[in-house]
Amino acid sequence: MDQFMKRAIDLALNNVEEGGNPFGAVLVKNDEIVAEGVNELHHTYDVSGHAELIAIRKAQAELKTLDLGDYTLYASGEPCPMCMAAIYMSGIKKVYYCGSIERAKEVGLGASEIIYKELALPRGERSIEIIHMPLEEDAKDPMVEWSSKDK
């Protein structure tokens with residue numbers, strides 16, 4: 001097994017021993033580990049405390065960058081939709097995972113499969129209402145303000 005995936009799995013196993021979920025992640029560049037994360041929900045009571053997000057946050061904070069395009073992520077489990085969104089937004093181009101979403105469902109961790117199915121539906125068919133509220137005509141548009149700034 002690849003050394004980086006082995007590390008992600010070791011992180012996940014240690015997290016299980018400490019009462020957490022079985023997820024670990026390792027962010028790598030040029031064959032060096034840049035950041036690691038484990039699922040921290042049991043410590044932080046923060047639903048965004050997933051291993052992949054923790055590793056991404058650590059790397060971006062340390063490196064002072066939003067662009068992780070030259071990095072590879074190794075995850076003990078297939079990333080959930082929230083983690084995949086962060087992976088896309090950070091520019092990571094390659095992700096290796098061990099346990100599939102289907103396997104997670106088999107052991108009682110099946111939310112990702114449900115969320116992926118929900119997000120594939122048109123907004124009006126999802127189980128959560130998502131309602132568009134356009135700006136009033138005389139309101140200042142934050143997106144227009146942002147786009148007019150020098151970047």
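Because the structure is a prediction, the values reported are computed rather than measured.
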For Asp10, all residues meeting side-chain hydrogen bond (donor to acceptor under 3.5 Å, both in side chains), sequence neighbours excluded: Lys6
Is the closest side-chain heavy-atom distance between Leu109 and Pro22 below 4.5 Å? yes
For Phe4 and Tyr74, take the angle between the two ring planes, folded into 0 to 90°, and tell me which bin it lands in: parallel under 30, tilted 30 to 60, perpendicular over 60. tilted
Under 3.5 Å, is there a donor-acceptor pair between the side chain of Lys93 and the main chain of Gly91? yes
Closest approach of Leu135 to Pro142 (non-hydrogen atoms, all atoms of both residues): CD1-CD, 4.2 Å
The side-chain hydrogen bond (donor to acceptor under 3.5 Å, both in side chains) partners of Glu36 (sequence neighbours excluded) come to Arg7
Please check this pair: side chain of Glu118 against backbone of Ser127, looking for a donor-acceptor N/O pair closer than 3.5 Å. yes
If the condition is salt bridge (charged side-chain N to carboxylate O under 4.0 Å, His left out), which residues does Glu102 pass it with, not counting sequence neighbours? none
Quick one: does any side-chain atom of Ser76 pair with a main-chain N or O of Gly24 as donor and acceptor, under 3.5 Å? yes
Exercise: identify the closest heavy-atom pair between Tyr116 and Pro79: OH-O, 3.1 Å
More than 12 non-hydrogen atoms from neighbouring residues, nucleotides or ligands closer than 6.0 Å to CD on Glu145, yes or no? yes
Separation of Asp67 CG from Ile92 CD1 (nearest 0.5 Å): 10.0 Å
Please check this pair: side chain of Asn39 against backbone of Leu41, looking for a donor-acceptor N/O pair closer than 3.5 Å. yes
Quick check: are there more than 12 heavy atoms from other residues, nucleotides or ligands sitting under 6.0 Å from CZ of Arg126? yes
